[in-house]
Amino acid sequence: FAQQKLAGRRVVITAGPTREPIDPVRFLSNHSSGKMGYALARAAMEQGAETVLISGPVQLTPPDGVVLIKVETAQEMLAAAEQQAAGADVFIGAAAVADYRPVACADQKLKKTDTTDWQLPLTQNPDIIASVARLGQRPKMVIGFAAETERVAEHARSKLTRKALDLVIANDVSRPDIGFNSDHNAVLLVDVEGDTALPMASKHVVAQHIVAAAAEWLAKGDRV
Ligand code: C5P
């Protein structure tokens, strides 16, 4: 049978949402299901990679053989990502990291007051993939996602440059039939050489394409 394309390679993937605590019982988060990241972990395992999955809270079972690191906050995800990605072959940022977190987490449950309005001070979270792409021991290939609602290719390309990525997987989240909670996705692969559209397929098939693109990139690097 076909040779495994990522044998001897180390692949690190972030997946799912992050949770940013407000107090002991409340948090800010988003609707990320983690399906794309878990599909990537499965596809990387199929190709024989040593696979590390850094996951926010999701309702999914990781594929057999994957090293699962569970995190909650963006700061925890950043610490795990920097540690695991150093010297890795491929890093894939599939997590939907909360852009902002509460400035502080209250020690006790916050009480409802008489005022109808409530201001919650927020501060920006670190950009995990951009930090990984600038590590001293940078992974050979850093792959990011771009969920866009308009001018998909253009926004993905600016992400490629701004975050120092090697490949951006872009999808149009204004389409109700694909993306976020769906089992299907239709994506555009954007790198310095151009854009390649993949037809709508299951997240597993899309993940297999992305993993194949990564294997090809690594093989090219070995030849030069
Ligand atoms: O800037 P934007 O959030 O659209 O970029 C999406 C890409 O960046 C995804 O690969 C996501 O996992 C990653 N990201 C990250 N840390 C953040 C925000 C996004 O790693 N704080």
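Whatever order the structure lists them in is the order used to number ligands and atoms, beginning at 1. The chain is numbered in sequence order, starting from 1.
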Got Val152 and Asn171 here, is their nearest side-chain heavy-atom distance under 4.5 Å?
no
Any chain of hydrophobic side-chain contacts (each under 4.5 Å) joining Val168 to Trp217?
no
Go through the structure and list residues passing salt bridge (charged side-chain N to carboxylate O under 4.0 Å, His left out) with Arg134, not counting sequence neighbours.
none
Check this for me: does any side-chain nitrogen of one of Lys140 and Asp166 sit under 4.0 Å from a carboxylate oxygen of the other?
no
Give a yes-or-no answer on whether the side chains of Asp172 and Ser174 include a donor-acceptor pair shorter than 3.5 Å.
yes
Can Arg10 and Asp89 be counted as an ion pair, charged N to O under 4.0 angstrom?
no
Less than 3.5 Å apart, N/O on ligand 1 and N/O on the protein: could you list those pairs with the distances?
| residue | atom | partner | partner atom | Å |
| --- | --- | --- | --- | --- |
| ligand 1 | 1 (O) | Lys163 | NZ | 2.8 |
| ligand 1 | 4 (O) | Lys159 | NZ | 2.5 |
| ligand 1 | 5 (O) | Lys163 | NZ | 2.9 |
| ligand 1 | 8 (O) | Lys163 | NZ | 3.1 |
| ligand 1 | 10 (O) | Gly93 | O | 2.6 |
| ligand 1 | 10 (O) | Phe145 | N | 2.8 |
| ligand 1 | 12 (O) | Gly93 | O | 3.1 |
| ligand 1 | 12 (O) | Ala95 | O | 2.7 |
| ligand 1 | 16 (N) | Ile128 | N | 2.9 |
| ligand 1 | 20 (O) | Ile129 | N | 2.9 |
| ligand 1 | 21 (N) | Pro126 | O | 2.8 |

